[in-house]
Amino acid sequence: MRNITDIDDKIIDQAKANGEPITELTERTIERFHQDTAALGCLEPDVEPRATEHVPLMIRMIETLIRQSVAYEAEGHVLFHVPAMPSYGRLSGRSRDDQIAGARVEVAPYKRDAADFVLWKPSTAEQPGWDSPWGRGRPGWHIECSAMSAHYLGVPFDIHGGGIDLVFPHHENEIAQSCCAHGTADFARYWLHNGFITVDGEKMSKSLGNFVTVADVLDELPGEVFRFWMLGAHYRQPLDYSEGAMAQAKAGLDRLYRTLENLDDVAASDQAPPPMEVVGALLDDLNTPRAIAGLHLLANEANKATRPQERARLKRQLLDGGRLLGLLTQDPRQWLQGDTTDAQAIQALIDERNAARAARNFARADAIRDELKAKGIVLEDGPQGTTWRREG
RNA sequence: GGCCCGGUGGCAGAGUGGUCAUGCAGAGGACUGCAAAUCCUCGUACGUCGGUUCGAUUCCGGCCCGGGCCUCCA
């Protein structure tokens, strides 16, 4: 499942700045997000609940927390009392002392403890709000994630993902709310936190003007190249975006597609064993770089293999390994040739060149090669005849 | 300032106490009418200074550099 937080103060402010209704802003943003994830080859979640549609769940959860005396009402707010949760800080490795020592934000006067955080906050007349036992207001911090995941998955569930920047306070607070509300020791059994993407070595930020959107990238190259690049580093590591990095990713992925194209003469076997080079790597904390290396190992084997049976096996394994990573999903020829509107003209020239070669008129043959080369088209004379692809 | 993560060959990027990552780029060779692709071979890689060890890129500590978080931002 994938939660969508479609109500928070940032959204309220942005909608106000745009002079548009909140739902217009959130609908547009969500739609764009869906387009991007689809283009990157992400699988769709089974459920994608929205916070605004689950406010009653959150209110019930907050009531539970108050009943258990781990939350309290103060000046129209409801706050979670962090000292009530002894293991608070375990995920992020922060002790209470660390937090007090590092605090640099003023503490709201209605908090009983500096670390307490908001579960519910009052809304003014212009702000969106829902009726609650504490008056008209809106959910505070991160209660939506706790409420929705408990509702759809139960507590504890297996894996919780998110960016490394969310570890504290977002995930820490989710844990506190959920474990207290459900009386469990764990909220999620495993946490996967992904590293950041930087641009040319610097953190992406609007103020630096080095902001690159997925849509920007996809204007320049196929989503699969971007995906291949991202999977080329372990999820926990930071990744630096640059045009050079994209070119390298394209080159690497092209090699795999060339190998598949070379396997064009055989059908993928239907009784090949799973590609353990890839599977084993993924089983090891989603080691996608090693999984991709596994793909290259298979490609190397395939490029050397001569027996049809072996080639059929390797083709299957390559495709299966790729599928596990969401890669190699395109038709290889299509991938390598791209736009095929001029395919007939190209083929005519290839035919003419082969006739010239047969007549040992190499001057004419080379002239045709040069002519196509100038258009970015590379010819390859193989045992099965001449094929072409676009360069770069 | 506090807490945490990382610094690997030209580039990207895994990993390990003592044989190999892998890819891109580069060099040489095989193959090819030419070319491309492919295959083979190659480059004294592990920030720095110490320590532990028979042996450290891998463990420990100091230092330098980079990044992240530090509470009503999800």
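Because the structure is predicted, anything quoted here is derived from the model rather than measured. Any value given below was found using the heavy atoms of this structure, including those in side chains, with hydrogens, waters and symmetry copies removed. Sequence lines set the chain letters: A, B, ... in the order given, protein chains first and strands last, and positions in each chain run from 1.
Checking B:C11 for Watson-Crick or G-U wobble geometry (two distances, each under 3.5 Å) identifies B:G23 as its partner. The pairing partner recorded for B:C3 is B:G68, the criterion being a Watson-Crick or G-U wobble arrangement whose two distances lie under 3.5 angstrom. Across all strands shown, B:G33 forms no Watson-Crick or G-U wobble pair with both distances under 3.5 Å. Across all strands shown, the partner of B:G61 is B:C49, judged by Watson-Crick or G-U wobble contacts whose two distances both fall under 3.5 Å.
Between A:Asn303 and B:C39, a side-chain N or O to OP1/OP2 separation shorter than 4.0 Å is present. For the OP1/OP2 pair of B:A37 and a distance below 4.0 Å, the side-chain nitrogens and oxygens of A:Asn262 include no atom meeting the criterion. Between A:Lys304 and B:C40, a side-chain N or O to OP1/OP2 separation shorter than 4.0 Å is present. For the OP1/OP2 pair of B:C34 and a distance below 4.0 Å, the side-chain nitrogens and oxygens of A:Arg357 include no atom meeting the criterion. Taking only side-chain nitrogens and oxygens, A:Asn361 never comes nearer than 4.0 Å to OP1 or OP2 of B:G33. OP1 or OP2 of B:A74 has not a single side-chain nitrogen or oxygen of A:Arg2 nearer than 4.0 Å.
For B:G13, the base has no donor-acceptor partner in the side chain of A:Gln237 [N/O atoms by modelled type, under 3.5 angstrom]. Applying the 3.5 Å distance criterion, the base of B:C34 shares a donor-acceptor pair with the side chain of A:Arg369. For A:Asn287 against B:G15, no side-chain N or O and base N or O form a donor-acceptor pair under 3.5 Å. Contact annotation: side chain of A:Arg360 to base of B:G33, donor-acceptor pair absent below 3.5 Å.
Remark: aromatic rings of A:His171 and A:His193 are close, center separation under 6.0 Å. A distance of 6.0 Å or more separates the ring centres of A:His77 and A:Trp120. Aromatic rings from A:His160 and A:Tyr190 are positioned such that their centres are separated by 6.0 Å or more. Taking the six-membered ring for Trp, A:Phe157 and A:Phe187 have ring centres closer than 6.0 Å.
Comparing A:Gly140 and A:Ala245 along RNA chain B, the residue whose closest nucleotide (by nearest heavy atom) sits nearer the 5' end is A:Ala245.
Stacking here means ring centres nearer than 5.5 Å and ring planes tilted less than 30 degrees, and by that measure A:Phe362 stacks onto B:G33.
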